[in-house]
Amino acid sequence: MTDTLAAADIETRLNALGVKGFLPANEAAVLYRLALQQAPAGTMLEIGSYCGRSAVYLGEAARTCGAFLFSVDHHQGSEEHQPGQDYFDPQLWDAELGYPDSLRYFRRTLAHFDLLSRVFPLVARSEHLALAWHQPLALVFMDGGHSADQALQDVALWGPKVGPAGIFIMHDIFEHPEQGGQAPYIAMQALMAKQGFCVCEREGSLVALRRMS
Ligand code: MG
């Protein structure tokens with residue numbers, strides 16, 4: 001094992017580099033602690049890379065424990081990142097490609113943290129990767145497409161790939177519409193009802209679940 005960085009130090013470096021993202025520091029600290037706990041048990045997968053804030057926390061935990069993180073994203077932006085939508089960022093917009101291209105920012109973030117041999121970007125839709133993924137996972141962090149169809153599909157496809165000692169972590173869980181979009185919450189309920197997962201930890205909108213049956 002290498003030395004374990006403090007979550008606050010990672011946050012400070014991410015902020016100094018201006019890495020874009022939507023993961024509050026208190027939630028990131030819990031994600032990091034859970035990743036340090038789970039990484040010795042096997043491979044980790046992130047659904048939704050964006051510009052790499054969460055991948056740095058997961059990747060630093062992977063490095064500490066000698067594990068690896070795969071991070072899947074089509075890097076064309078979710079619905080809310082498209083022109084005219086709430087989270088559109090003109091800096092990401094690639095006029096030639098015709099979509100917000102987050103891949104170059106993601107690679108840059110990994111390079112700044114020297115994580116390119118520890119975190120592997122998979123440029124694909126998560127449902128396509130699921131067709132070819134057969135390895136049990138020690139940790140899944142789901143923060144991908146926030147439409148109901150996409151979120152339900154992601155829990156249906158990736159829940160069964162969590163190993164017996166693994167955990168499934170979801171971001172942007174809001175019980176009430178006035179707090180935020182409901183799709184991840186609806187998907188979490190499906191994960192619990194259909195696959196026997198139960199909540200084992202929560203911090204803000206970040207919820208970790210284990211399979212109990
Ligand atoms: Mg999120």
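FYI, side chains are in, hydrogens and waters are out, and symmetry mates aren't considered; it's all heavy atoms of this structure. Order of appearance sets the numbers: ligands from 1, and atoms from 1 within every ligand. Just so it is clear, the structure is predicted and the values come from calculations on it, not from any experiment.
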- Could you tell me whether any N, O or S atom belonging to H171 is less than 2.8 Å from the Mg ion (ligand 1)? yes
- [ ] Apply side-chain hydrogen bond (donor to acceptor under 3.5 Å, both in side chains) to E127 and Q150, showing your working.
- [x] CA-CA 9 Å; E127 63 269 29; Q150 186 70 49; 3.2 Å; yes
The Mg ion (ligand 1) -> D172, closest N, O or S atom is OD2
Give a yes or no on whether a salt bridge exists between R33 and E27, defined as a side-chain N under 4.0 angstrom from a carboxylate O. no
Under 3.5 Å, which donor-acceptor pairs do the side chains of residues 107-117 form with other protein atoms, sequence neighbours left out?
from : atom 1 : to   : atom 2 : distance (Å)
T109 : OG1    : C51  : O      : 2.7
T109 : OG1    : Y105 : O      : 2.9

What verdict does the ring pair (Phe, Tyr, Trp, His ring centres under 6.0 Å) test give for F174 and Y185, after you've listed the backbone C-alpha separation in whole Å, the side-chain angles of each residue and the deciding distance to 0.1 Å? CA-CA 6 Å; F174 301 113; Y185 177 57; 9.5 Å; no
The N/O/S atom of D143 lying closest to the Mg ion (ligand 1) is OD1
